[in-house]
2 protein chains.
Amino acid sequence: MARGNDREDRQTGGNPARAQLDAGEAERTVAYKLRLAQILAFRAFEEKLADRGRAPRYLGLLAIIRNHPGEPQSRLADAVALRRSSLVAILDTLTDEGLIERRLSAADRRINGIWLTKKGERIVDELLLESRRHDAMLTAGLTSKETATALDVLDRVIANLRTEDAG
Amino acid sequence: MARGNDREDRQTGGNPARAQLDAGEAERTVAYKLRLAQILAFRAFEEKLADRGRAPRYLGLLAIIRNHPGEPQSRLADAVALRRSSLVAILDTLTDEGLIERRLSAADRRINGIWLTKKGERIVDELLLESRRHDAMLTAGLTSKETATALDVLDRVIANLRTEDAG
DNA sequence: CCCAAACTCTTCGGAAGCGAACAATTGCGA
DNA sequence: TCGCAATTGTTCGCTTCCGAAGAGTTTGGG
């Protein structure tokens, strides 16, 4: 089922203070740390909520849908930095799980408007609580000032990348 | 070939000032922005260097190998936050491209020590230059102080996630 | 010495994202 | 009005990563 709670065979508790390997100069780069942090954060969030279906993985998408009901798939794909073609299977799954529904737009019949179901709204609310808990773990030991500037920096990095892409 | 230079049909320049969809409160979280920024940054880096084989994708790994020659695969997997099983195919590819080689350890014959070839070292040096250029694009418009605290914050986020995982 | 536990790397099937191509629909310019 | 380009959602084949399972090697306790 690929959703097993059994972890893979992995480092048995021993080997307690084995230093991590570093990448030297290559490591002192935003992109490198960004990637490492994101992989670990995403994995931890999903593992913690492995019993909640696929909603945790797509919480960002679901939150956008809640904030902007009825948007076409292509704009949602842009918003979460996925391709249109990738979104199809995702929306199929979320539809099967009863969290969203597609409604044909009357104004433009090429478009499927995407909407949350009642169940979808309930689950999104639940998961948003969990995500705040998760973020508290991520930023443990940081001052609120540091967290704030980190959020600001990430915003501007994203903006740089978006304009780069559009150019 | 899946490496085509033809971009997918995508936003034609028009539609200039269409606001991005936001995720509301869900968006004010480190994990969310982390994911978005990483996806965009990784994609941009790979697209810019699409003609260099698979080395750009695995530059982080290659840099670690350069800094720590002869390490076993399992420790490399930990360092780049991938599973041991995932690393096998990656190292196969990098071996095929002549960038690394596996050498059986004499002391412990379970272990493959991983080493860069001459060609590998040359290419890593090239790509490290590119990665600095890339990072400059990411952090355009940021003060060096802001960048520094962002790097520091990411380090601590990674540390939080690593200890969480080890526990 | 010996055997079970631990650790190494590997193979295999499944899940997910991507790029390319396609049909249906819209709209814009000749 | 007509025709062609642009847009939308979709399908298809490919690549990548994961978890589970397995074989070879090492190690430590009886």
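Within every chain, numbering begins at 1; the chains are lettered A, B, ... in the order of the sequence lines, protein sequences first and strands thereafter.
An OP1 or OP2 oxygen of C/dC18 is reached within less than 4.0 angstrom by a side-chain nitrogen or oxygen of B/R43. A sub-4.0 Å separation between OP1 or OP2 of D/dT8 and a side-chain N or O of A/R102 is absent. Taking only side-chain nitrogens and oxygens, A/R110 never comes nearer than 4.0 Å to OP1 or OP2 of C/dG27. For D/dG24, the OP1/OP2 oxygens have no side-chain nitrogen or oxygen of B/R109 closer than 4.0 Å. At D/dG9, one or more side-chain N or O atoms of A/S74 fall inside 4.0 Å of OP1 or OP2 (strictly under the cut-off). Note on B/S86: a side-chain N or O is less than 4.0 Å away from OP1 or OP2 of D/dC18. Contact annotation: B/Q73 side-chain N/O to C/dT10 OP1/OP2 distance is under 4.0 Å.
Position along DNA chain D of the nearest nucleotide to A/D92 versus B/T93 favours A/D92 as the more 5'-ward residue. Take the nearest nucleotide of DNA chain C for A/A106 and for A/Y58: the residue whose nucleotide is more 5' is A/Y58.
Distance check, rounded to the nearest 0.5 Å: OG1 of A/T95 to CD1 of A/I100 gives 3.5 Å. Annotation: the span from B/S131 atom OG to A/E25 atom CD amounts to 8.5 Å, rounded to 0.5 Å.
Whole-Å rounding puts the A/I90 CD1 to D/dG9 P distance at 14 Å. Remark: P of C/dA24 and CG of A/L104 are 15 Å apart, rounded to the nearest angstrom. Here the C1' atom of nucleotide C/dC7 and the CZ atom of B/R83 are 17 Å apart, to the nearest Å. The distance between atom CD1 of A/I39 and atom P of D/dC17, rounded to the nearest whole Å, is 8 Å. Here the P atom of nucleotide C/dT8 and the CG atom of B/L91 are 15 Å apart, to the nearest Å. Atom CG in B/L76 sits roughly 9 Å away from atom P in C/dC9 (whole-Å rounding). Note: CZ (B/R84) to P (C/dA6) measures 14 Å, nearest angstrom. For the pair A/Q38 CD and C/dG17 C1', the computed distance is 13 Å after rounding to whole Å.
Between the side chains of B/Q20 and A/R75, no donor-acceptor pair is found at a separation under 3.5 Å.
Comparing D/dT10, D/dT16, C/dA16 by their nearest atom to the side chain of A/N112 picks out D/dT10. Candidate nucleotides D/dG9, C/dA20, C/dT26 were compared by shortest atom distance to the side chain of A/S85, and C/dA20 ranks first. With D/dT10, D/dG19, C/dC9 as the choices, the nucleotide that has an atom nearest any side-chain atom of A/V88 turns out to be D/dT10.
Annotation: ring-ring contact (aromatic ring centres under 6.0 Å, His included) contacts of B/F45 (sequence neighbours excluded): B/H134. The side-chain contact (heavy atoms from CB on, under 4.5 Å) search around B/R156 returns A/L142, A/E146, B/D152, not counting sequence neighbours.
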